[in-house]
Each structure stands twice: as C-alpha cells, then as structure tokens.
Protein chains: 2
Amino acid sequence: MWLVENAVAIAREPLKHVQVREYVRDLVSDAEPGTPAPSERELVQVFGVARMTVRQAMDTLVAEGLLERIPGRGTFVAKPRNEVGRLLSYTGEMQRRGLHAESQTILARREQAGPGVARALELTEGDAVIHWKRLRRADGQPMCVEDAYLNEVLLPGFLQSGMPTSLYQALAMRGLRPTWAEDSITADVPTAEEAQSLEIALGTPVLRVARRAVADDRVVEVSRSVYRSDRFTLYVQLGDS
Amino acid sequence: MWLVENAVAIAREPLKHVQVREYVRDLVSDAEPGTPAPSERELVQVFGVARMTVRQAMDTLVAEGLLERIPGRGTFVAKPRNEVGRLLSYTGEMQRRGLHAESQTILARREQAGPGVARALELTEGDAVIHWKRLRRADGQPMCVEDAYLNEVLLPGFLQSGMPTSLYQALAMRGLRPTWAEDSITADVPTAEEAQSLEIALGTPVLRVARRAVADDRVVEVSRSVYRSDRFTLYVQLGDS
DNA sequence: TAGTGGTCTAGACCACTAT
DNA sequence: TAGTGGTCTAGACCACTAG
C-alpha cells in the first residue's frame, strides 16, 4: 500500500519545500505586516537546499497572501487581507475576534467509519477514522462543542504523537493544510449534553455548523460544531461569478 | 527610462514563461474540460526552454483554475468552478433548492436613514432610503421575513415604477447587479411578530442573516432576514487565502 | 516499458534597491 | 557595491499511470 509508505515518509522527512514553507510560516505567523522575511539565499544556506526549492516554498506563501515580494528589496509579511469568509481554524477565528482560544478534549480515539462519516470523508464504511471531540473556549468561557472526524490514513500516528493544540497546524505539518471548506449552517436548540457543556439553558438557540474541509483535493476533516449564539456570529463573504 | 526600454523588449521578445503560458492558454481556451494539454516535456521541445520554465508557465494556469495536473497522467483542461457560496437572490436560492419562490410585501416606502442604516449603506443620516419589508414564501409556505434598505439615490423612481418581484433583477436592470456580499449569521428566537408571519411557535430557533450587498463598489442593499430553521439551511464555501 | 508530473540541484545573468 | 527577487538552464531521480 503505497499510501501508507508515502505517509510515513512524509511524517519522517517532509518534502523539503514543505519544511521550508512551514518554517517560514511559523516565523511569520506572529509578525507585524511589513516585517522582512528571511531572504531566499539565506534560507538556501540554513536548509542546504537549492534556491528553486526555497522559491517553491515562498511561492505558496505569496499565493496565500501571507507574504509579499518586492523586487530588489526583499520579501515581507503582507498585511492581512481583511477578508471575512476566509477559511480559518477555530484558533484563527477567535484571534480575529480578539479572543483567546482554548480547547479541552472530550474524546479522542480511533474508530471505524460509520456510513455517514465514510461518505463525507470519501472513505469506505469500516475504514479507520480519528474521532476527536472538543469543548472550545474563548476567553475562558465555553463557545462551541466540536465533533470532528479525520481521515486516519492521512494522519498516521496522530493520536500517539501527542495531541496538538491546533488541528489545522498539525495538518499543515503533513502538507494537508485545508484550502477550502463547505459549511452548512442552521439554527437549533442544544441537546441536554451540549447545553451542559456550553453552560447554557435548554431551549437557548444555538448555531450548528457542519463542515467538510478539503486539502489537496482530499477530504481531511468533517465536523459538526454547535456554537453558543449569544457569543458567536458567523461572518461569510459571497462572491459573484 | 528603463520602463520604456523594458516594455519594448517585452513587446519584441516576451519572457519565455509568458510566451509558453499564452501559447498554452490559446490552445486551451476553447477546449472542453478534460482535454489534455501539451505535456511539459513536449513544450520543452517546442520552445527550446528548460522544464522549470515550462512549469512556471503551467503553474500560473493551474493557479488560475484553467488547467488541472494529474500526476502520472498529464495536464488537462479543468472543469469550471463550483456553485455553492455564489451570491444569489432569494429567488435564485430557492430555485437552487428546487422550490418555488414567492414574496408578499409587508411594507414599502421612502424613509430617512437612521444612524445604523446610514452607516451600513455608507450614507449620511437623514439621506433618503427605500425601506422594503417582505414575507418570503417557498412552495407556498413561509420561509423568511426580509427587511431591506436600499440606497434611494441609486434607484430613482423605484417605488413608483411598480415593485418588481426580484430585487436583484431590478438592480441588474440599472447596472447594479450585486457582485459581492457580506453576511453575518446568528441563531436567535423570533419576535412575536416574526413568529406570527413565519407561522411558527415562539421560542422556535431561527436563523438571522444580515447582509450588505455591493455592486460596482457601492453598497446597494443592507438587509436583515430571519429564516425558519426547520426549512432553511445555509450553505457557504470558504476559500483559502 | 514509455511517458507524466513532482521534486530537487547548483549554478547563472538580469534589473532593481539601498547604502 | 552588496543584496534582493525574477528569470532561466540542463540536467537528475522519484512515484505514478497506461498500454
């Protein structure tokens, strides 16, 4: 099964341009717009790779809008496009709102995909999936309960490797940063269990968001989240064409 | 002035990757999705350039969504993009769901913009706006109450000209088809009046959608809609960058 | 087995910016 | 003048697809 071999290889020694890309992404993630990124030749030295490899890494970050190249001057942190409707992790969403995000794992284990999850993840029923359920907090208060299923084949050793704080960051390290997602959104009332976790009264309206996240044309995550409507408003942008 | 020299140079002998790119774009522009594009090595032969140069050209076309690469097989004309997350009118939304849309005007009059509406429409308080409130039905049953404010300056004679069925169609007739919108979405319970219009019980969760719709860089519509959550799920697509 | 795209190397010259 | 990004070369090996 080549997929397994390949996944292991990726886990052990990621593609060089991915290594460089994620290294720079980390460096840059907390930086102010306008901060210079390492120059391409500097990264060539640090990683001992060819310049074209560095450029491949930087090309991606530039395409993402994270960096901006100015010929003759260098590469700099771009000012974030204030695009609502961008695909962000929970942590990213909360940061955009100026809130501190925390998570508390309720459940994390390997399971066999049921029919619904298998279809959503484009797997076969009974295939291994990772079931990860978390209570998400913002500034210390309950915000959301997220119930996620991940394609286990794409994330070997995920449960053993120590659970990361940010799922999207963990995916990015494996070259599986979600590039787009489909959400379906509805209003509902919480179950008794959800109401208890979210510390709200039964009958309080909540926002349910079902997500399919895709990276590299593969469905990596499907999740159902339930948000406290008194603390959370969802912002989306609709394009034309 | 280098710019002129450079432009002339470009006019005479464009950058190689641009030559290749435009050559392929022409080849492909009228082709059916799935049609194979020339292979990279083939283009290397034809243009007498290095493969990295060809890849630079193809990278652009792939990023544009014009081409699709399939490892081991080749490069092909991509099928045009998705539908979800597109900006649609209420009528369009319902059509996509296979439902018949109807509207019933509750209120339609000229008003002076209050502070909130003025800010949202990028007007000055007291400017003339059109206030249009409608009950929206789908297959005969209440679906949504929409409360919209329109910039009156952009729609002269709108109220006198006989109310159209589709707002977006009316806007399109004036060259103001919304190309872009920002929605904020939350869960709530209906007011007594909303519950009566929607024919639902008090306390039933509803989806509230606030929209700012932009056409030609001008805000043409701001609205608040309240949807029956038992009949309506909102679908959105989130892109990356 | 021949062909494809994916990755990578170790250089090179250019036009530009900043000092 | 030193440094940067933009472009380009002429190869290479890999994993995969298809006949």
Side-chain angles (χ1 to χ4, degrees), chain A residues 1-10 12-22 24 28 34-63 66-78 153 174-176 215-218, chain B residues 1-10 12-22 24 28 34-63 66-78:
Chain A
M1 193 57 184
W2 83 264
L3 257 175
V4 173
E5 289 174 34
N6 198 26
V8 169
I10 287 174
R12 284 185 189 153
E13 26 185 286
L15 299 175
K16 295 186 179 180
H17 78 264
V18 174
Q19 287 185 56
V20 176
R21 186 219 301 156
E22 298 308 322
V24 175
V28 145
T35 306
S39 80
E40 295 176 356
R41 286 166 179 85
E42 195 177 332
L43 290 166
V44 166
Q45 293 297 315
V46 171
F47 283 89
V49 298
R51 191 166 154 231
M52 287 305 296
T53 305
V54 169
R55 283 185 64 79
Q56 188 178 2
M58 304 295 265
D59 281 347
T60 308
L61 297 173
V62 169
L66 197 64
L67 297 180
E68 184 184 9
R69 289 202 258 234
I70 305 181
R73 299 227 300 132
T75 306
F76 304 87
V77 178
V153 174
R174 293 168 164 80
L176 293 170
D216 195 25
D217 276 330
R218 288 173 294 189
Chain B
M1 194 55 185
W2 82 266
L3 257 177
V4 174
E5 289 174 35
N6 200 25
V8 170
I10 285 174
R12 283 182 189 157
E13 26 186 286
L15 298 176
K16 296 187 180 178
H17 78 263
V18 175
Q19 287 187 54
V20 177
R21 187 220 300 156
E22 298 309 321
V24 175
V28 144
T35 305
S39 79
E40 295 176 355
R41 285 167 180 84
E42 194 177 333
L43 291 165
V44 165
Q45 293 298 316
V46 172
F47 284 89
V49 298
R51 193 169 151 226
M52 289 303 297
T53 305
V54 170
R55 284 186 64 79
Q56 188 179 2
M58 303 296 263
D59 281 346
T60 307
L61 297 174
V62 169
L66 197 63
L67 297 181
E68 182 185 10
R69 289 202 258 235
I70 304 180
R73 298 228 298 134
T75 305
F76 303 88
V77 178

Item to check | Spacing of B/H17 atom NE2 relative to D/dT7 atom C1', expressed in whole Å | outcome: 8 Å

Next on the checklist: Checking A/V44 against A/E40 for the side chain to side chain contact (heavy atoms under 4.5 Å, CB included) test, could you report, in this order, the C-alpha distance in whole Å, the side-chain angles of both residues, the deciding distance, and whether it holds?
Outcome noted: CA-CA 6 Å; A/V44 166; A/E40 295 176 356; 5.6 Å; no

Item to check | Distance below 4.0 Å between A/S39 side-chain N/O and D/dG3 OP1 or OP2 | outcome: no

Item to check | 5' precedence on DNA chain C between A/R41 and A/V18 (nearest-nucleotide basis) | outcome: A/V18

Checklist entry - If pairing requires Watson-Crick or G-U wobble contacts with both distances under 3.5 Å, which nucleotide is the partner of D/dT9? => result C/dA10

Item to check | Pair partner, D/dC16 [Watson-Crick or wobble, under 3.5 Å] | outcome: C/dG3

Item to check | Separation of C/dT4 P from B/E40 CD (nearest whole Å) | outcome: 9 Å

Next on the checklist: Could you tell me how far apart B/Q45 (CD) and C/dG3 (P) are, to the nearest whole angstrom?
Outcome noted: 12 Å

Checklist outcome for this item: The single option from A/L61, A/T60, A/V77 that satisfies side chain to side chain contact (heavy atoms under 4.5 Å, CB included) with A/L66 is A/L61

Checklist outcome for this item: Rounded to whole Å, NZ of A/K16 lies from C1' of D/dC13 at a distance of 12 Å

Item to check | Integer-rounded Å distance: D/dT17 C1' and B/E68 CD | outcome: 15 Å

Checklist entry - Whole Å only: how far is the CG atom of A/L15 from the P atom of C/dT9? => result 11 Å

Next on the checklist: It should be established whether A/R69 places a side-chain nitrogen or oxygen under 4.0 Å from OP1 or OP2 of nucleotide D/dG6.
Outcome noted: yes

Item to check | Nucleotide C/dT7, atom C1' - distance to CZ of A/F47 in whole Å | outcome: 16 Å

Checklist entry - Is there a side chain to side chain contact (heavy atoms under 4.5 Å, CB included) between A/M58 and A/L43 once you walk through the steps? => result CA-CA 10 Å; A/M58 304 295 265; A/L43 290 166; 4.0 Å; yes

Next on the checklist: Between B/T35 and B/V28, is the side chain to side chain contact (heavy atoms under 4.5 Å, CB included) condition met? List the steps.
Outcome noted: CA-CA 8 Å; B/T35 305; B/V28 144; over 6 Å; no

Checklist outcome for this item: In whole angstroms, the gap separating P of D/dG6 from CZ of B/R21 amounts to 14 Å

Checklist entry - Which heavy atom in A/E42 sits nearest to a heavy atom in A/P38, and how many Å separate them? => result OE1-CA, 4.0 Å

Next on the checklist: To check you understand the geometry: which heavy-atom pair defines the closest contact between B/A37 and B/L67, and what is its length?
Outcome noted: CB-CD2, 4.3 Å

Item to check | A/V54/A/F47 under side chain to side chain contact (heavy atoms under 4.5 Å, CB included): CA gap, chis, key distance, verdict | outcome: CA-CA 9 Å; A/V54 169; A/F47 283 89; 5.9 Å; no

Checklist entry - Residues from residues 49-62 of chain B sitting under 4.0 Å of DNA chain D, heavy atoms only? => result B/V49, B/A50, B/R51, B/M52, B/T53, B/Q56

